[in-house]
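Report on the structure given below.
No hydrogens, no waters, no symmetry mates; every other heavy atom, side chains included, goes into these values. A quick note: this is a predicted structure, and the numbers were derived from the prediction, not measured.
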Amino acid sequence: MVQYTLAQSPDVIIPIPGKDSLKAREKAMDQLIEMMDDGRLTTALSDGFAPDQFIEVKEPQLTDTVKQQEDDVVEAVQVLSNLANLKVKVQEVRTDALKVRELVDLLFTDEPISEEQVNELKDGFKVLKTFAQNNLRYREARSQAEEARKVLDAALK
């Protein structure tokens, strides 16, 4: 995409798909005439205007430092998004996992355990495993997210 402006009206930007070329400038000229006919351009071009008089508006080139900072921000947002997803997963199974954990404690007491509780325990091991794995991942992601939060805070200043 190339953008053109006029010396007489630098606030007017005319975007044209493609690169700067004679054809692109002719398309910009068509848009300029249309803007003048519609009354959207109030600048009078009394001496006439030719396509080669358009001024190409170039986007400022980003320095390597800014590019790296942008990449760091994208990575930080991804890390924080991962943290949010893991937190939700942990919260979803926490209550069920804690119930199963209480049943695990029964295994280490002299109190009798019912067959129903044993079946509940066996069924709950998967929930307990899922919770434990997600909780470990969440804690690891949280420590990584601290740095990501700093990166994001620095970019938002």
Does M36 belong to the same Ile/Leu/Val/Met/Phe/Trp/Tyr cluster as M29, with side-chain heavy atoms less than 4.5 Å apart forming each link?
yes
Can you name the one residue among I14, I55, D11 that meets side-chain contact (heavy atoms from CB on, under 4.5 Å) with T5?
I55
Quick note, salt bridge (charged side-chain N to carboxylate O under 4.0 Å, His left out) partners involving residues 14-28, not counting sequence neighbours, are D20-R25
Report the C-alpha distance between L6 and F49 in whole Å, list the side-chain angles of each, state the deciding distance to 0.1 Å, and finish with yes or no for side-chain contact (heavy atoms from CB on, under 4.5 Å).
CA-CA 10 Å; L6 314 169; F49 193 81; 3.2 Å; yes
Tell me if the CZ atom of R94 is crowded by more than 12 foreign heavy atoms within 6.0 Å.
no
Less than 4.5 Å apart, side chain to side chain, heavy atoms only: is that true for L121 and L106?
no
Least distance between heavy atoms, A76 atom then A148 atom
CB-O, 3.5 Å
Reported NZ-to-CD distance for the pair K122 and E115, which is rounded to 0.5 angstrom
8.5 Å
So, D72 versus Q68: side-chain donor-acceptor pair below 3.5 Å or not?
yes
How far does CE of M35 sit from CG of D30, to the nearest 0.5 angstrom?
13.0 Å
Tell me the closest heavy-atom pair linking F125 and V104, and the distance in Å.
CE2-CG2, 4.2 Å
Under 4.5 Å between side-chain heavy atoms, counting indirect links through other Ile/Leu/Val/Met/Phe/Trp/Tyr residues: same cluster for V77 and V74 or not?
no
Nearest-0.5 Å distance, CD1 of residue I16 to CD of residue Q31:
4.0 Å
Linking I/L/V/M/F/W/Y whenever any side-chain heavy atoms sit under 4.5 Å apart, do V100 and L107 land together?
yes
Once you round to the nearest 0.5 Å, how far does CD of Q8 lie from CD of Q53?
7.0 Å
For Y4, which residues count as a ring-ring contact (aromatic ring centres under 6.0 Å, His included) partner, sequence neighbours excluded?
F54
Given the rule in the side-chain contact (heavy atoms from CB on, under 4.5 Å) test, do L83 and V79 qualify, once you have shown the distances and angles that lead to the verdict?
CA-CA 6 Å; L83 178 67; V79 167; 5.7 Å; no
Salt-bridge criterion met for R101 and D105 (N-O under 4.0 Å)
yes
Exercise: identify the closest heavy-atom pair between V73 and A155:
CG2-CB, 3.5 Å
Value rounded to 0.5 Å, distance of CZ in R40 from CG in L32
10.0 Å
Pairs meeting criterion salt bridge (charged side-chain N to carboxylate O under 4.0 Å, His left out) with involvement of residues 135-149, two or more places apart:
E146-R149
For the backbone of K126 and the side chain of T130, can you confirm whether one donor and one acceptor N or O come within less than 3.5 Å of each other?
yes
So, for A97 and L128, which heavy atoms are closest and what is the spacing to 0.1 Å?
O-CD1, 3.5 Å
